[in-house]
Amino acid sequence: MVKAYSQEYVYKHPWDRVTSASWRKFADPENKRVLSHILEVDTLSRKLDPTGKLYTTRAITVHAPGPWFVSKIVGQDICHCVESTVVDVQSRSMQLTTRNISLQKFIEVEEKIRYDPHPDNPTGWTICQQETRIRIKPLSALASMAEKVEQKCAEKFVQNSAKGREVMERICKYLEAESSGLAL
């Protein structure tokens, strides 16, 4: 079985500010308190192609999602992920895809996030579309409780997404004040 969900969120900030906030989300020590499930983020590669698209790959280490008993069954409480990002400044699009690379014999998680100018206010607002798919492997130790684990993981992802939006909003306000020459 696969648990999938999607969310949309409108940032009342321009695309360039929101995408700048996305890059800063994990770097600011103040955000570590809110995003406590993120343990480490490392940039593995960054490449600018001749058309101006930026390709970035980051390694992200997180507390394993889901209920507490999952870490007892799988024998670890951290999960390693790879995030691939493509930023196309010409079309004003930023796409992030994150997949787990550890715990794959038990669970597969894929999260896709896309930031684009909002069609109703392309110069002032940004729409964020997020899709997440969670799948427990059928022959894993978690298979008998797959539906429950997938649901608990999805709930945790929704909670963490809200925390991420909170951090993004705070950074956007900081960047707005910074560009206006104001101190927060």
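Computed over heavy atoms, backbone and side chain alike; hydrogens, waters and symmetry mates excluded.
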For residues [X] and [Y], determine if any side-chain heavy atom of one lies less than 4.5 Å from a side-chain heavy atom of the other.
X	Y	result
R170	V34	yes
H13	K173	yes
K53	V87	no
E83	T97	no
V18	W125	no
R99	V82	no
K163	R165	no
I107	I134	yes

Going only through I, L, V, M, F, W and Y residues with side-chain contacts under 4.5 Å, is there a path from [X] to [Y]?
X	Y	value
Y55	L96	no
L48	L44	no
V86	I113	no
F157	F106	yes

Exercise: identify the closest heavy-atom pair between [X] and [Y]:
X	Y	value
H63	L39	NE2-CD2, 3.3 Å
C128	Y11	CB-CE1, 3.8 Å
V109	N100	N-OD1, 2.7 Å
W23	T85	CH2-CG2, 3.7 Å
V62	C81	CG2-SG, 4.3 Å
L103	I78	CD1-O, 4.0 Å

Criterion side chain to side chain contact (heavy atoms under 4.5 Å, CB included) on E40 and D42, from CA distance to verdict:
CA-CA 7 Å; E40 192 169 341; D42 295 300; 2.9 Å; yes

Residues which pass side-chain contact (heavy atoms from CB on, under 4.5 Å) with E155, listed by chain and number, not counting sequence neighbours
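If we apply the side-chain contact (heavy atoms from CB on, under 4.5 Å) test to E155, skipping adjacent residues, the hits are Q151, K152.
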
Roughly how far, to the nearest 0.5 Å, is the [atom2] atom of [Y] from the [atom1] atom of [X]?
X	Y	atom1	atom2	result
E166	I171	CD	CD1	11.0 Å
R58	S45	CZ	OG	11.5 Å
S6	R133	OG	CZ	12.5 Å
M168	R17	CE	CZ	12.0 Å
K12	H118	NZ	NE2	8.5 Å
Q129	Q7	CD	CD	12.0 Å

Option passing side chain to side chain contact (heavy atoms under 4.5 Å, CB included) with K25 (candidates V41, L35, I38):
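Checked V41, L35, I38 against K25; only one passes side chain to side chain contact (heavy atoms under 4.5 Å, CB included): L35.
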
Looking at D88 and M94, would you say the former's side chain and the latter's main chain have a donor-acceptor pair under 3.5 Å?
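Side chain of D88 to backbone of M94, a donor-acceptor pair under 3.5 Å: no, none is there.
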
Using a 3.5 Å distance criterion without hydrogens, assess whether the side chain of T126 forms a donor-acceptor pair with backbone atoms of W15.
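It does hold such a pair.
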
Salt bridge or not for D116 and R114, using N-O below 4.0 Å?
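Between R114 and D116 there is a salt bridge, with a charged N closer than 4.0 Å to a carboxylate O.
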
Before accepting this row, confirm whether a basic side-chain N of the pair E108/R135 lies closer than 4.0 Å to the acidic partner's carboxylate O.
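Salt bridge flag = yes for R135 with E108.
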
Is it the case that the side chains of Y115 and Q130 hold a donor-acceptor pair, with the cut-off being a distance below 3.5 Å and no angle test?
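No, no side-chain donor-acceptor pair sits under 3.5 Å.
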
